[in-house]
Structure formats: C-alpha cells, structure tokens
Amino acid sequence: MAEELSSGYIPGDVEPGWYNRWIDADCFRGNEEGTGEPYSIVIPPPNVTGILHLGHVLNNTIQDILARRARMEGKEVLWLPGTDHAGIATQSKVEQQLRKEEKLSRHDLGRDAFLERVWEWKEKHGGIIINQLKRLGCSCDWSRERFTMDEDYSEWISKIFVDLFEEGLIYRGKRMVNWCPKSLTALSDEEVIMKPQRSKLYYMRYRIAGEEDRWVEIATTRPETLMGDSAIAVNPKDERYADLIGKSAIRPFPEKEIPVIADEHIDPEFGTGVLKVTPAHDKADFEIGQKNDLEIIDVFNPDGTLNELAGPEFAGMERFEARKKAAEKLEEMGQLVKVEDYENNVGFSERADVPIEPRISMQWFLRYPCQKEAAEAVANDEIRFRPERWKKTFAFWMDGIQDWCISRQLWWGHQIPVWYRKDMAEELKNRESLDLKDAGANIHVGVNPPADPENWVRDEDVLDTWFSSWLWPFATMRSSQEESTQTLAKFYPTADLVTGPDIIFFWVARMIMAGYRWQGELPFKNVFFTSIIRDRKGRKLSKSLGNSPDPLDLIDQFGADGVRFGLMRIAPTGTDVRYDEDQIVEGRNFANKLWNAARYRQMQGPITDRQLPVADLSIYAIDILAKLQKLESNLANAYEDYRFNELTQLLYDFWWSEYCDWYLESTKGDFSDTASEAQRQATLTTMDVVLERFLMLLHPVMPHLTEELWEKMGFGDGETFLMLTAVPEESVLASVPDEQVTAAQEQVAKIYEAVGRARNLKAEYGLGAKKDVRFILDPSDAAFAESEVFLTLARGAELDLQPGFEAEKGVPAALTAIGKLFLPLDGLIDVDAERDRLQKELTKTEAEVKKVNAKLANENFVSRAPEAVITETKERQKHWQDRAAELEQMIANLG
RNA sequence: GCGCGAGUAGCUCAGCGGUAGAGCAACUGGUUUACACCCAGUCGGUCGGCGGUUCAAUCCCGUCCUCGCGCACCA
C-alpha cells in the first residue's frame, strides 16, 4: 500500500530488504515446468576463493539486466549460478596460510590431510563472493548453485576423460611444457603471458676441438643453461661456418666435446649466427635435438634451482643467481667476449608471475574434439559473438589450435582417473608415451576405480581447472548418469553468455567444443564480451596498484542500484571501460532524482486508476506520453544490440530531462487553486501512467529502487512483485490519434524552445531569479493560448500578447518559435549592452547563412543531392535569412 | 612480424555520410509546489595528421603518428 516517502533516498535502508523478499518468495526460480518461452544464462563461475571486483560487477550486472528484462517479457528465466575450484589459486592460498600459521608444507600434511584443509578453507571463505553477488541484486536461481568439485560434477570430469581417452584424443607423453617453478606444475600455453624484459645478450666463445686456437662465438640470453648444451648449430647455408659442420666444439663447463651441427632454424642474421643447443630447456632446441638425435641434459630442478648435472658449484643455486655466476666464470676463463643490453620477451606464469621454464616432463594432453563444428558455428553466426570482431580472434586460435596440456602437478582438483598396476607403476611412469593402445591389463582408465584397488596406484596429477569449466553449460543441468533432465530440455542451449574476451580461448572456445561433443549442439546462442575495466589513466585495475575500488564499499556508499546504473552508463560497446567514480555518483543521484519525483507525485494526492482521460489531456501530457513511447522502442533496439550504455542513457535522459525538467515543471500550475479538477486529474493520471511504465522499464537496471517505489506508490496489488510483472505490450498512447500527437509535439517543442529564449533573456539581464518579470510577445500565431505554462516554465508574472508590437529603443528582444519576445526593463535600458548582445547573435546567424548559401550555390549539390536534402537546406536557408534580417532590423531600431 | 581496437569539449564518453552531443569540471545566478545527490543560464571542439572517394566526410577508403590489446617469436 502507499506509504509516504522520505525526502532523500537511502539505498542501504531499502536494498537488502528487497533481496530477502525476492528470495523468500522464490522469485528467482527457473521453473523447468513453466510454460513461458525459455531464457537461460549460466554464470561464468567465479573462483570460489575470490572476492568481488569491478569486473564481476560489470559482468554480473549485465547478466542480471538480461535476466530481469526477459522475466518482464514473460519468459521463463533460469540464471544458473556457481563457482569453480580454481586449482592453483586455491591450493596456493591454503599452502600460504599453512606455511604462515603452522610452518608446514603440504607435503608435511600429506595429500588427504591437506585436501581436508582446503575443503575447510572453502567452507569458510567460499561463500564470500556469492554473498557479494547477492548484495549486487543478482537474480540467480540459488537453489541450483553448483561447484565444480561437487560430486556429480566431478563424475562428469572422469566421464569425459574416459570418453576422450577411449576416443584416442587423450594421451600421455614426454613433451616440452611450460613449467612454473613456483607452483611446481605444468601450465597450458594459454596460461603463459609473454612480457618484454630488459635482459642481456651474452657473447661467449667456445673452442673448436682438434684445432689450434680456433674459436666460435655464440650469443645467448641464458648462459646458465650452457651446462645443458649438447651441440652448437649453424645455418647450413652460412658460409662463414660451413667448414665447422661435423666438427666439435668444447663446452667450457662441465667441459665436454659437443658436435657442431647444421639446422635451417638458425637465423644467420641474429647474434653471431651460432646457436647453442640446449634440448632440455628450450622448445626450439628440443626440436633440433629430436631431429639430430642429441642428448637431453636437464640441469634444472623443478623449483628452478640447478642440479648436480650443472656441476658441483652450481648445484642448488637459484637460476638467476646461476646466470650471473656462469657469466663470471666465462669471464674468468677468458671466454666472455661482451655483454649487451637486450630486450626480449619472456614467458611468465599467469598465476605465480614468475618466468616459466620450458621443461620436458610427462604430461597428459588432449587433442580437441569437435573442432570443426565449433569453428563453423561461430563462423556462420549460429553462435553470435558481440562485438563481432572477436570472431576473428576465435577463428585465428581455432586455426592454429595446439594440443592442450591438461595435467597439473597439484592436489586440489579432479584427480586423473587413471590407475597403474602396482608392480608395473615405475615402468609405466617412465614410458615415453601412453595412450589407448597401452590400456588394458596394466592400466585402468575409468570413472570408477579398479575392483581390487589394493593392487593399483592412481595417477597423482589433477586436471586443469578449465578442463572442468568447459562442461559448465550442460554439466550444471544434468549429471553424467542421466540421459537428459527436464531442466536441460527446457533451458539448454542457453541464450546468452556474458564474459570477458580474455577467456575466449580458456573457456568460450572450449565450451563450444564440449557442447557439441557431449550435447550434440551449441551451448549458447550469443556471447557478449565485456571488456577490461581500467582506471582513468588507462591502467588495468589491480590490487598491487591500489587503483581497484572495492565494489562493496561502493555499494555501501552509493547503493547497489547506483553502482549498477553508473557502471552501465560507461559499459563497453567494444573497447575498454575507463572507470570513473563520478559515474557511480551519477547513478546514485539518478536514484535520488527518481525517488523525489515520485515523492512529488505522492504529495499531490492518491494514486489514480491510470485510465487516461483522453479528452482532457494537455499537449504537454501527450508530448511526454509520446516520448515515453519513443523511449520504449529505443530501449528495445538497444537491448537488441546489447548496448547497455545506450539503454541506460536513454532511461536517464527521459526521466531527468524530459520528464522532470520539462513535463513535471510544466504541470506545476495544474496543482494551483485556480486549476480545474479535470485538469488536475488528467495530470495526475498522466504522471501515474508515466511513472508506472517507467519503473517497469528501469527495473532491470535498478531493481531495488523500482520495486520499492512500485510498492510505496501503490502500483502493485501488495502481493505481486514488479520483477515478475510483464510490461504491457500496448502503447501508453494507443487511444490518441496520431495527428493529434504530432500536432501536440510540434507545439510543445516550440513552446519549450521559446521558454529557453526567455530564460536566456532574463539571465543575460541579471534577472535569472526574478519571478515578477513581464514579457511581451508578438505572436506568430494569433491563437496562442499557452501563456500560463510558458510563464510557469520561464518564471514570469505576465505574458502580454501584442500582435505587431513595436518596442522602444533598447528593449531586450529575442526571436522565438512562437513569435518575437520582449523583456521590457523599466528604467534599466542599456542600449549598448543590447546592441552587443544582438550583434553577437547576428554574427552567429550570418555564419549559418553563409554556410547554407554556399551549399545552395554549388551547382553540383543542387543537381546531385537528393530532393529531400535540398528542400531541407532551402528551409534552413530561409530560416537563417529571416532571422538575420530580423536581427538587423532590431539592431537598426536601437539607433 | 601478423592481427584487432582506440584517438571527438579540461575529464569520462556517445554519435559514424546531410545543421558536432551528454554528464562531470569551470564560470554566472538561484531555495521556486519533490530533489543542493537540486534548479536556470554561460563558456568550451581545424572530431590525431595528410591524402582520396563523394554534390557533401567526424563518419567511407588509403596512409602515417600515438596509445592499448591479442597472437607469433631470433637464441
């Protein structure tokens, strides 16, 4: 029921209450038995360890807007939420805590005890981000919340591993991988970030074996790996070194004779044109090694320190320490020629932010399934990417797709469902490769463990977290045991996926392939890519820079609705977003503006039945209703194109400018003692119609505030929720003839324009605040009858209609759309000031005349431009010419 | 190196063939039937540079400059 509004909107008093009421009433439930057209989104699962940052706010606000809009279109909506287990991030957080608080490593605890700790940690902190999403107002169906380590979900992981293994797409092999010496695990190519580094290029010389004082010079950035050199290589076409091929060089330490070989890969232009070949520590070198059957000498330990193979003085030394030491040693031996500054790109571990080591190790790899289907679906727009340009990025990656290293040397995650027979385990572990044809008596690959587990040992590794996320759209809707479910039948494929372009390969591409592989169809129809939020200086938001505001602080300060609205106004249309707190302030201000406009309405009397009295509608009422109608169609277009900034701006402009600044102000006279009851009722009804419809339109963006006003104003019946109310399809102006609407809008536009002129005149003469001024109008239409509203808006006491009025010299005047307007100033006439003012306007007008004349004087324009453009230009010419003539006359009259 | 995107008012950004727009900031003036988280007014732009297409270019094309991003990578 209607309830009085306070003078300022306090979001903190309103928002949490509404969220609880929605939850209690089960408003977010996606009903698989519902009859409405289905609309579904799966949330990009945030890390269970994570806390909300602005990127999440942006992303989830968009999803919430889409979900709420769909509900109000009468659709059956499912927004399915959840979190992922974030293997490396979570494990290292718990390890860190363990080290700090108990001085223990995970190995001290052992696998099972450690995992128990992780689960404890998850129980304690895992709900944080979910609660933060709730505070934002996200209308997720929490009854369906999923976690990638849930039992059901985990079964899926084993199942797909087994499927892919049996299909021959998963294999184990000894390969060069990206090794993170800090997290002590292999990483996929996607988890390596190339960063330019200021390095040094070391020029060193190796002696040629069997020759008197002959040396060969080699340039390298990594002298610490020279102990692992097993050859040096030159380009076969490089004449400088042709005679060396087949000979040997002496590796300085540990001293050893290594062959000089020829390989096309070597660029004669780079450095000295000679490459030291370290097959164990460089991807390219590894390949050269394979081709030439070179020895692989791994001189590193997994943690990035050097081992005994590097020699006793290097063993145990950290890799960058060893770099210095190796250079010093070469120097001492007289084999360091020079050192140059050099900038090169070095791969860093995305999570641990340390340089990765290319390292040979035994890992599981996946050849992607359904590549063709995925590539085609995006190429032919069955799955639409927005903005479209990401299609290209996707296609490019799909085209050069590499096998995916899916094993991780971690404990937290889905353990690989492979068991080795105990007595064979060592031998199998070291086997160069392993795949389908090796399975059988000694290797068990299955969802369930072998029947006699005591005779088997399980592969210790876990799977990449993304190996679980790529199943998200369907594995959240049915278990691996079920053929289908009602939920899946109703809501799969999902409609929209909202995510960042930074995970287009990590997640989006893989989900598409998984969708085709296990569901036989695409997982979503549209992908909307948001972008990265930066600060005003264009830097990425990050904790270490301290430029990343805590969204919860912002919500406390400005309200969730204010944050949502503010962020949407700067939402990306394809590029990065520059975050600016002023925008959030604007969001809050807008909420307050709406609140107060509702409050004003409330002060004028009880709510009406919202049946427009067509015969009594003023031109201003018709105008605002027409603008509301226009707003609805503009909004529909903006939604169609996922233009969130535009739709927010449309809502803002309509309400603040069109409704509050103009319409609401124009009605103030309707509530005076002299106004008729019919007039008053017509205005109140118009206001109610506009406000009610506007609350519906705004609701997806500002759910709490709109729901509150809906209730407090008394629009609902006290039982239903605005969020579940369908927006009527019928236009608010359906009962008014089009010609009448057009005529009213034209007239109102003229009056508003003239009001602007009048205000301007007042301000120019320092009377901006005065209300008792008298205007004289020489009207262009003798039937002019809108004096009252004109005076309300322009704040004047009298509008004296005097056709053909001739002013005294120096009386300020302005040309308006409704006629020539004068502002008589008793005894205050300043002829010079008025002349200057008019002259200024004349100058501007003449510039316009000149522009338009030039255009019409151009024969090419007149003969080739479309008729409509020429007509319009001629009209404009007349308009400016008339105006200039009148201004000239006015100036002449001043003497 | 290849590809993508951006450069419009002091700031954050819209507009993308036919009279350059908003909000903030600045300045002037204001308590008026809600709102100072407010109201009214003003100032402010060779739309990154240079060419081209067109009757007409901020918008299309080419090229260059600056910045950001992605991919690849020469040790």
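The chains referred to below are lettered A, B, ... by the order of the sequence lines, with proteins before strands, and numbering in each begins at 1.
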_Over 12 foreign heavy atoms within 6.0 Å of CD, A:Glu343_ = yes
*asked:* Looking at B:rA75, I'd like to know if its phosphate oxygens (OP1 or OP2) sit under 4.0 Å from a side-chain N or O belonging to A:Tyr342.
replied: yes
_In this structure, how many angstroms lie between the C1' atom of B:rC37 and the CG atom of A:Asp13, rounded?_
16 Å
*Within 45 degrees of the axis of the six-membered ring of A:Tyr342 and under 6.0 Å from its centre: does A:Lys200 put its NZ or CZ there?*
no
_Once ring-ring contact (aromatic ring centres under 6.0 Å, His included) is applied, do any residues pair with A:Tyr9, and if so which ones, sequence neighbours excluded?_
A:Trp595
_Between B:rC74 (C1') and A:Phe270 (CZ): distance, integer Å_ = 5 Å
*Could you work out which one of B:rA75, B:rA14, B:rC38 sits closest to the side chain of A:Trp656?*
B:rC38
Review item, side-chain donor-acceptor pairs of residues 391-399 of chain A, under 3.5 Å, at least two apart:
unit_1   : atom_1 : unit_2   : atom_2 : d
A:Lys391 : NZ     : A:Ala379 : O      : 3.4
A:Lys391 : NZ     : A:Asp381 : OD1    : 3.1
A:Trp397 : NE1    : A:Glu190 : OE2    : 3.2

*With RNA chain B as reference, determine whether A:Asp285 or A:Val585 sits nearer its 5' end, using the nearest nucleotide of each.*
A:Val585
*Where the side chain of A:Met194 is defined as all heavy atoms beyond and including C-beta, which of B:rC73, B:rC74, B:rA34 is the nearest nucleotide?*
B:rC73
*Which of these nucleotides, B:rC38, B:rG18, B:rA75, is closest to any side-chain atom of A:Ala865?*
B:rG18
*Given the rule in the ring pair (Phe, Tyr, Trp, His ring centres under 6.0 Å) test, do A:Phe644 and A:Phe528 qualify, once you have shown the distances and angles that lead to the verdict?*
CA-CA 11 Å; A:Phe644 299 96; A:Phe528 180 74; 5.3 Å; yes
*asked:* What contact category does A:Phe671 fall into here, base, sugar-phosphate, or nothing, at under 4.0 angstrom with non-hydrogen atoms?
replied: base
*Is the phosphate of B:rA34, meaning OP1 or OP2, less than 4.0 Å from a side-chain N or O of A:Arg599?*
no
_P atoms of B:rC24 and B:rC16, separation to the nearest Å_ = 23 Å
*For nucleotides 40-46 of chain B, just jot down a letter per nucleotide in 5' to 3' order: B, S or -, based on protein non-hydrogen atoms under 4.0 Å.*
SSS----
_Sequence neighbours excluded, every pair satisfying side chain to side chain donor-acceptor pair (under 3.5 Å) that has a member inside residues 864-873 of chain A_ = none
*asked:* Once you apply a heavy-atom cut-off of 4.0 Å, does A:Gly566 come out as touching a base, just sugar-phosphate, or nothing?
replied: nothing
*asked:* The test is salt bridge (Lys or Arg N to Asp or Glu O under 4.0 Å); show your working for A:Arg222 and A:Glu224 and say whether it passes.
replied: CA-CA 5 Å; A:Arg222 301 202 64 192; A:Glu224 74 276 18; 3.0 Å; yes
*Return no unless some side-chain N or O of A:Arg588 is found under 4.0 Å from OP1 or OP2 of B:rC38.*
no
*When you look at NZ of A:Lys874, are more than 12 heavy atoms from neighbouring residues, nucleotides or ligands closer to it than 6.0 Å?*
no
*Name the closest nucleotide to the A:Tyr600 side chain, picking from B:rU19, B:rC73, B:rA34.*
B:rA34
_Quiz question: going by heavy-atom distance under 3.5 Å, is there a donor-acceptor pair between the base of B:rC35 and the side chain of A:Asn592?_
no
*Counting side-chain heavy atoms from CB outward, which of B:rA34, B:rU19, B:rC71 is closest to A:Phe505?*
B:rC71
*Among B:rC24, B:rC74, B:rA34, which is the nearest nucleotide to the side chain of A:Glu586?*
B:rC24
*Measure the shortest side-chain to side-chain distance between A:Arg323 and A:Tyr202 over non-hydrogen atoms and say whether it is less than 4.5 angstrom.*
yes
*A:Asp238 CG - B:rC74 C1' separation (whole Å)*: 14 Å
*asked:* Taking the side chain as everything from C-beta on, heavy atoms only, tell me whether A:Phe590 gets closer than 4.5 Å to A:Asp561.
replied: no
*Which one of A:Tyr663, A:Tyr652, A:Trp655 satisfies the ring-ring contact (aromatic ring centres under 6.0 Å, His included) criterion with A:Phe694?*
A:Trp655
*Rounded to the nearest Å, what distance is computed from the CG atom of residue A:Asp582 to the C1' atom of nucleotide B:rC37?*
13 Å
*Would you write the dot-bracket representation of RNA chain B, where each base gets (, ), [, ], | or . depending on whether it forms a Watson-Crick or G-U pair under 3.5 Å and with which partner?*
((((((((.[[[[.)..(..]]]].(((((.......))))).....[[[[[..)....]]]]])))))))....
*If you check the A:Asn645 side chain, which of B:rA14, B:rA34, B:rA22 turns out closest?*
B:rA14
_Assuming nearest nucleotide by heavy-atom distance, tell me which of A:Trp880 and A:Thr667 is located more 5' along RNA chain B._
A:Trp880
*Going by atom types alone, do A:Asn853 and A:Gln877 pair a side-chain donor with an acceptor below 3.5 Å?*
yes
*Minimum-distance nucleotide (side-chain atoms of A:Lys593 versus B:rG18, B:rC39, B:rA75)*: B:rC39
*For the residue pair A:Arg876 and A:Leu856, establish whether any side-chain heavy-atom pair is separated by less than 4.5 Å.*
no
*asked:* So, does A:Lys392 get its side chain near the phosphate of B:rC4, meaning an N or O under 4.0 Å from OP1 or OP2?
replied: yes
_Within the 4.0 Å heavy-atom criterion, would you say A:Ser657 contacts the bases, only the backbone, or no part of the nucleic acid?_
nothing
*Could you tell me whether the side chains of A:Gln649 and A:Asn645 share a donor-acceptor contact shorter than 3.5 Å?*
no
*Select one nucleotide: of B:rA75, B:rC73, B:rA34, the one nearest the side-chain heavy atoms of A:Asn345.*
B:rC73
*For A:Lys200 and B:rC74, give me the distance from atom NZ to atom P, rounded to whole Å.*
21 Å
*Give, ordered by number, those residues of residues 866-877 of chain A having at least one heavy-atom distance below 4.0 Å to an atom of RNA chain B; if nothing qualifies, reply none.*
A:Pro866, A:Val869, A:Arg876
*Within this structure, what is the OH-to-C1' distance between A:Tyr652 and B:rC37, rounded to whole angstrom?*
10 Å
